[in-house]
Participant: 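Provided herewith is a single structure, encoded as structure tokens, for subsequent inquiry.
In this chain, numbering begins with 1 at the start of the sequence shown.
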Amino acid sequence: MTAPRATYRLQLGPGLGFREAHELVPYLAELGVSHLYLAPSLQARRGSTHGYDVVDPTSVSEELGGEEGLRALAAAAGEADLGLVLDIVPNHMAAQDENPFWRDPLWRAKFFDLDWRTGMHRRFFDVGELAGVRMEDPEVWEVTHAKVIELARDGVIDGVRVDHPDGLANPRRYLERLQEAGVERLWVEKILEPGERLRSDWPVEGTTGYEFLNDVTALFADPGAEEPLTRLYRELTAEERPFAEVAAEAKREQAASTFAEEASQLAAKLPFEADVAGALASFHVYRTYVDPEAGQVVDADRIAVEEACLPAQLARILLLEERGHDAFVLRFQQTTPPVHAKGVEDTAFYRWNRFVALNEVGGDPGRFSFPVTAFHEANLARPPGGLLATTTHDTKRSGDLRSRLLAIADDPAAWESVVRDRVDGWRDPNEAYLILQTVIGAWPLTPERLELYLEKALREAKVNTTWVEQDHDWEAGAKAWALSLLADEKLGAYASRLSERAKRVVLGTTLLKLTVPGVPDFYQGDELPYLALVDPDNRRPVDFELRRRLLGSADEPQKLRLIRETLALRARRPAAFAGLYEPAEAGEDVVAFTRGGEVLVAVAVRGDLARFRLPRGQWRDVIRDETLLLAERS
């Protein structure tokens with residue numbers, strides 16, 4: 001089994017199946033990654049573009065090339081010393097007759113979470129076409145995981161990424177079953193809020209890397225820009241509230257509207273009246289992990305319930321101090337994650353637009369910057385086997401786009417001169433402020449991409465138009481104004497200047513991802529400059545032929561060279577990267593450390609490395625410029 005050095009996410013779907021992935025193996029091996037990280041590959045419904053709408057977990061997707069194609073891909077990857085990591089979706093399946101487990105009434109009752117009082121099923125977030133699966137039932141687990149376990153035992157896959165574990169009744173027990181069945185490496189798409197720690201009793205390598213993503217983004221945000229950018233946002237939009245207040249309001253809205261039926265179902269399980277919708281919206285983390293069957297409640301659960309400020313009797317029930325309500329406790333814990341996600345990530349992130357580089361999955365836009373010392377502390381605390389992401393298929397913006405927006409903070413006055421004369425061009429100044437940041441961050445972009453993004457962003461904000469009550473006239477007006485900005489030459493010139501300043505952020509972020517504790521994860525195409533907005537914009541086809549041609553050539557771009565050479569160093573010195581992470585004193589604007597005493601890294605977050613002094617010993621530069629240093633002992 002290949003030890004993880006770096007993963008490369010392939011967003012399989014139409015035009016990128018197992019055969020096309022097979023053709024990429026030589027390129028990815030030369031790039032230096034150790035694992036192809038495959039999007040869900042079990043049988044999804046016809047026409048699926050992403051694979052998360054599984055209809056038959058007992059077979060491999062025929063549209064992607066079938067099991068024969070997957071095994072051929074694994075064999076070719078193995079010959080190149082590459083392994084496969086497979087994304088699996090245990091929480092839900094497609095609720096339609098194409099799914100045999102849904103089609104048969106008896107199987108449906110066995111496999112899916114159904115509310116017999118209302119005839120409703122547990123949804124994936126607010127998507128009724130995706131129904132929650134009863135993974136806590138050992139028989140359901142065995143049937144739905146037989147193929148994945150077979151692939152693991154046969155050496156076809158080295159590990160799995162578990163999608164949305166927070167939807168499961170007992171995530172810990174689910175993960176234990178996977179490990180007991182022979183899946184040695186597990187990563188979880190667990191969204192940790194700032195300051196929250198991954199549960200230590202989960203048998204996993206780590207998360208999919210959003211904690212690193214948010215920490216490294218805030219690391220490069222100049223703290224001196226917080227006051228002027230906050231003041232400017234308030235003056236232009238009249239939004240005076242902190243992000244936490246906007247998020248709390250959005251969660252309450254979602255709990256009382258989108259998830260009103262779920263709240264009603266929960267309320268029916270209680271012997272007293274309670275504001276269940278308000279309780280669902282009150283948690284500052286995605287969920288607690290109280291285990292009624294084992295009677296397990298840990299301090300993190302108690303703290304989360306205490307911070308939610310619930311009515312006393314409800315708090316006692318959720319902490320198992322008053323027994324007899326196990327079904328309520330389990331379903332309540334499965335319901336807070338969708339309320340939190342839809343309220344924060346899919347509503348508040350589109351309403352509070354002070355500095356949208358920080359509006360990212362698992363992040364707190366109210367935290368403007370992150371000191372070097374805190375960054376070191378986070379790296380020391382992070383599981384060494386966890387993934388480190390900067391861009392994923394779920395990020396609101398790609399890492400390079402966030403880097404360009406971060407460059408705004410280098411000169412807030414210049415940004416103010418750009419936006420103050422333009423923000424009045426649209427009826428809603430808050431929307432206009434988001435649009436301006438979007439156009440600047442993604443420049444140059446086509447009208448089609450911009451219109452598609454705005455349709456989603458405005459509807460997600462749920463202020464002037466929504467997915468349910470669409471105001472097409474409003475949307476058309478906002479799109480028309482946004483499209484007019486694409487012809488604004490001064491705006492384009494400003495975007496170009498930002499792009500130059502952003503290069504240091506892109507390279508610094510990339511080098512840190514490649515060298516701090518963890519497994520660097522690359523999203524398809526992100527080895528070259530990659531400016532992408534939220535899906536579906538980040539699902540566009542990747543020009544792999546261009547990347548093949550540039551890799552190792554005389555025209556190789558800086559970012560690609562940095563990735564290739566750093567991954568080569570990781571391959572040469574695996575013991576160093578498995579060794580200690582030791583921060584080096586370099587001041588408040590430079591991140592410097594050694595790995596295993598054999599590799600030295602220094603990144604100037606602001607300024608340059610002119611005053612940085614090498615530790616004792618002989619060092620050979622791998623990469624060096626004014627703001628970056630990667631060296632190994634001679």
Participant: Where the side chain of Arg351 meets the backbone of Val246, is there a donor-acceptor pair that is under 3.5 Å apart?
Facilitator: no
Participant: Take Arg302 and Leu319, measure what side-chain contact (heavy atoms from CB on, under 4.5 Å) needs, and give me the verdict at the end.
Facilitator: CA-CA 7 Å; Arg302 295 186 182 93; Leu319 294 176; 4.1 Å; yes
Participant: Is there a donor-acceptor contact under 3.5 Å from the side chain of Tyr233 to the main chain of Asn353?
Facilitator: yes
Participant: With heavy-atom distances below 4.5 Å as the criterion, would you say the side chains of Asn91 and Met135 are in contact?
Facilitator: no
Participant: Do side-chain atoms of Asn170 reach the backbone of Arg173 as a donor and acceptor pair under 3.5 angstrom?
Facilitator: yes
Participant: Under 3.5 Å, side chain of Arg354 to main-chain N/O of Pro365, donor-acceptor pair present?
Facilitator: yes
Participant: Is there a side-chain contact between Pro90 and Thr144 in this structure, where contact means two heavy atoms from C-beta onward sitting under 4.5 Å apart?
Facilitator: no
Participant: Would a distance-only check, ignoring hydrogens and angles, find a side-chain to backbone donor-acceptor pair under 3.5 Å from Asp301 to Val297?
Facilitator: no
Participant: Measure the shortest side-chain to side-chain distance between Leu358 and Val356 over non-hydrogen atoms and say whether it is less than 4.5 angstrom.
Facilitator: no
Participant: If we only count heavy atoms from C-beta on, is the Leu198 to Val204 side-chain gap below 4.5 Å?
Facilitator: yes
Participant: Ignoring hydrogens and angles, tell me if any N or O in the side chain of Arg402 forms a donor-acceptor pair with the backbone of Thr390 under 3.5 Å.
Facilitator: yes
Participant: If only atom types and distance count, is the side chain of Thr395 paired as donor or acceptor with the main-chain N or O of Thr391 below 3.5 Å?
Facilitator: no
Participant: For residues 325-341, which residue pairs pass the salt bridge (Lys or Arg N to Asp or Glu O under 4.0 Å) check, not counting sequence neighbours?
Facilitator: Asp113-Arg331, Arg323-Asp326
Participant: Any ion pair linking Arg123 and Glu129 (charged N to carboxylate O, less than 4.0 Å)?
Facilitator: no
Participant: Please name the pair of heavy atoms, one in Gly508 and one in Val603, separated by the smallest distance, quoted to 0.1 Å.
Facilitator: CA-CG1, 3.8 Å
Participant: Which is it for His92 and Tyr52 under the side-chain hydrogen bond (donor to acceptor under 3.5 Å, both in side chains) test, yes or no, and what are the steps along the way?
Facilitator: CA-CA 8 Å; His92 53 269; Tyr52 289 96; over 6 Å; no
Participant: Could Lys190 and Asp163 be called an ion pair, given the rule that one side-chain N must be under 4.0 Å from one carboxylate O?
Facilitator: no
Participant: Checking Asn214 side chain against Tyr210 main chain: does a donor-acceptor pair fall under 3.5 Å?
Facilitator: yes
Participant: Identify which one of Leu168, Leu186, Val188 satisfies the side-chain contact (heavy atoms from CB on, under 4.5 Å) criterion when paired with Tyr174.
Facilitator: Leu168
Participant: With the side chain counted from C-beta on, respond yes when Lys456 and Asp535 share a heavy-atom pair under 4.5 Å apart, and no when they do not.
Facilitator: yes
Participant: Ring pair (Phe, Tyr, Trp, His ring centres under 6.0 Å) between His35 and Tyr8: does it pass, once the steps are laid out?
Facilitator: CA-CA 6 Å; His35 285 76; Tyr8 191 96; over 10 Å; no
Participant: Before you tell me yes or no, could you show the steps for Phe259 and Leu266 under side-chain contact (heavy atoms from CB on, under 4.5 Å), namely the whole-Å CA-CA distance, both residues' side-chain angles and the distance that decides it to 0.1 Å?
Facilitator: CA-CA 11 Å; Phe259 298 103; Leu266 283 164; over 6 Å; no
Participant: Please determine whether a side-chain nitrogen of the Lys or Arg among Glu189 and Arg161 lies less than 4.0 Å from a carboxylate oxygen of the Asp or Glu.
Facilitator: yes
Participant: Cationic tip of Arg9 within the cone over Tyr37's six-membered ring, i.e. under 6.0 Å and within 45° of the normal?
Facilitator: yes
Participant: Side-chain contact test, heavy atoms from C-beta onward, threshold under 4.5 Å: evaluate it for Glu460 versus Trp467 and give yes or no.
Facilitator: yes
Participant: Using a 6.0 Å cut-off, check whether atom CD of Glu261 has over 12 heavy atoms from anything other than its own residue.
Facilitator: yes
Participant: Apply side-chain hydrogen bond (donor to acceptor under 3.5 Å, both in side chains) to Glu211 and Thr207, showing your working.
Facilitator: CA-CA 8 Å; Glu211 313 85 60; Thr207 72; 2.7 Å; yes
Participant: Applying side-chain hydrogen bond (donor to acceptor under 3.5 Å, both in side chains), run through Ser257 and Glu253 and close with a yes or a no.
Facilitator: CA-CA 6 Å; Ser257 57; Glu253 288 177 10; over 6 Å; no
Participant: Establish, for the pair Arg595 and Phe577, whether the NZ or CZ atom is under 6.0 angstrom from the six-membered ring centre and no further than 45 degrees off its axis.
Facilitator: no
Participant: For side-chain contact (heavy atoms from CB on, under 4.5 Å), just list the numbers for Val590 and Val605, CA-CA rounded to whole Å, side-chain angles, deciding distance to a tenth of an Å, and then say yes or no.
Facilitator: CA-CA 6 Å; Val590 174; Val605 177; over 6 Å; no
Participant: Before you tell me yes or no, could you show the steps for Thr335 and Glu262 under side-chain hydrogen bond (donor to acceptor under 3.5 Å, both in side chains), namely the whole-Å CA-CA distance, both residues' side-chain angles and the distance that decides it to 0.1 Å?
Facilitator: CA-CA 8 Å; Thr335 309; Glu262 283 83 352; over 6 Å; no
Participant: Taking it one step at a time, do Asp215 and Arg382 satisfy side-chain contact (heavy atoms from CB on, under 4.5 Å)?
Facilitator: CA-CA 12 Å; Asp215 287 349; Arg382 194 171 286 121; 3.0 Å; yes
Participant: Find out whether Thr336 and Tyr286 are in side-chain contact, i.e. whether some heavy atom of one side chain is under 4.5 Å from a heavy atom of the other.
Facilitator: no
Participant: Tell me if a side-chain donor or acceptor on Asp166 pairs with a main-chain N or O of Gln334 at a distance below 3.5 Å.
Facilitator: no
Participant: Does Glu196 reach the main-chain N or O of Glu193 with its side chain, forming a donor-acceptor pair under 3.5 Å?
Facilitator: yes
Participant: According to ring-ring contact (aromatic ring centres under 6.0 Å, His included), who are the partners of Phe332, at least two apart in sequence or on a separate chain?
Facilitator: Phe283, Phe328
Participant: May I ask you to say whether Arg134 pairs ionically with Asp137, meaning some side-chain N is under 4.0 Å from a carboxylate O?
Facilitator: yes
Participant: Among residues at least two apart in sequence or on other chains, which ones pass ring-ring contact (aromatic ring centres under 6.0 Å, His included) with Phe370?
Facilitator: none
Participant: Side-chain contact, heavy-atom cut-off 4.5 Å: Leu38 with Val85?
Facilitator: no
Participant: Could you go through the ring pair (Phe, Tyr, Trp, His ring centres under 6.0 Å) check for Phe349 and Phe243 one step at a time?
Facilitator: CA-CA 9 Å; Phe349 276 6; Phe243 174 74; 5.8 Å; yes
Participant: I need the single residue from Lys396, Lys462, Glu431 that forms a side-chain contact (heavy atoms from CB on, under 4.5 Å) with Tyr350. Which is it?
Facilitator: Lys396
